[in-house]
Amino acid sequence: MTYLEEQRPNWDEYFLMIAKLAATRSTCLAFPVGAVIVKDRQVLATGYNGSPTGSVHCTAQGFCYPGLTSCDASSTLPSRAVHAEANAIAQAAKHGINTNGSTIYVTLEPCISCLKLIISSGIKEVFYETDFNKGEKILVRDSFIQDGLVILKKIKLSSETAKRAALFLENPTSVARDKLEDLHL
C-alpha cells in the first residue's frame, strides 16, 4: 500500500462522513442527525432530520413549539422532526429506489421506531456513530438483533481521517497533486 492509499478513508469512514455532511442540513434544534443508505458501495439516498416537507423549520422559527426551544424540552409533546433514517427511506421510496439488502450509516443510533422502519424496508446493516437507546429500549433493539433481523455496529471516524477531510473541505481539492502537498493534504 502506498502512502496516498493509506490516507484514503476506509468505506465505513467514507459513508459515515457523507452521513455527517447530511447532518449539516438538519433543521432540528435538538439533534442534528444525518443518514446515508448504501448498497454495493453506492449511495442510494441520504436524509437528515427536520420538519416534514412544506412545514416551517424549527431552525427558521427559532423554536419547535411556542415556548419550547427544542422538542426534547417537553416530556409530552412529540418531536416535530422526521428522523434522518425515515427521511432517507422516504427519499428512496419517492424515487423508486429499492433498499432491500442495503446498509444505512447514521450519525445517531436509530430509535426503536426508526429501527423497525429500517428492518421493514429491507435494510440489513446499521452503522452508527453515537449511542441513543437506553433502558428497556435496548431490550427491544437487542431482540431484533438476536432474531437476525438487523446487524448494528458502532463505528468511529479516525482523527486522521477527520483532519484530512477538514482540509479537503476548507481548501480547493481539484488542483494538481503537488499543490495538494503544499496544503498538507
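All values reported here derive from a predicted model rather than from experimental measurement.
Applying the side chain to side chain donor-acceptor pair (under 3.5 Å) test to K124 and every residue at least two apart in sequence or in another chain returns nothing. Qualifying side chain to side chain donor-acceptor pair (under 3.5 Å) partners for D142, counting only residues two or more places apart in sequence or in other chains: none.
The existence of a salt bridge linking E109 and R141 is confirmed by a sub-4.0 Å separation between a basic side-chain nitrogen and an acidic carboxylate oxygen. Checked for salt-bridge contact, K20 and E129 meet the test: a charged N lies under 4.0 Å from a carboxylate O.
For the pair D40 (side chain) and Q42 (backbone), a donor-acceptor distance under 3.5 Å is absent.
Here the side chains of L152 and I145 are in contact, with some heavy-atom distance below 4.5 Å.
L157 and L21 fall into different hydrophobic clusters, where Ile, Leu, Val, Met, Phe, Trp and Tyr are joined by side-chain heavy atoms under 4.5 Å apart, directly or via other members. I119 is connected to Y128 through a chain of hydrophobic side-chain contacts under 4.5 Å among Ile, Leu, Val, Met, Phe, Trp and Tyr, so both are in one cluster.
Taking the six-membered ring where tryptophan is involved, the planes of W11 and F15 are essentially parallel, since the angle between them stays under 30° and well short of 60°. Between F132 and F31, the two ring planes are perpendicular [angle over 60°; tilted spans 30° to 60°].
We find the CG-CG distance between L149 and L115 to be 9.0 Å, quoted to the nearest 0.5 Å. In this structure, the separation between CD1 on I18 and CD1 on I37 is 12.5 Å, given to the nearest 0.5 Å.
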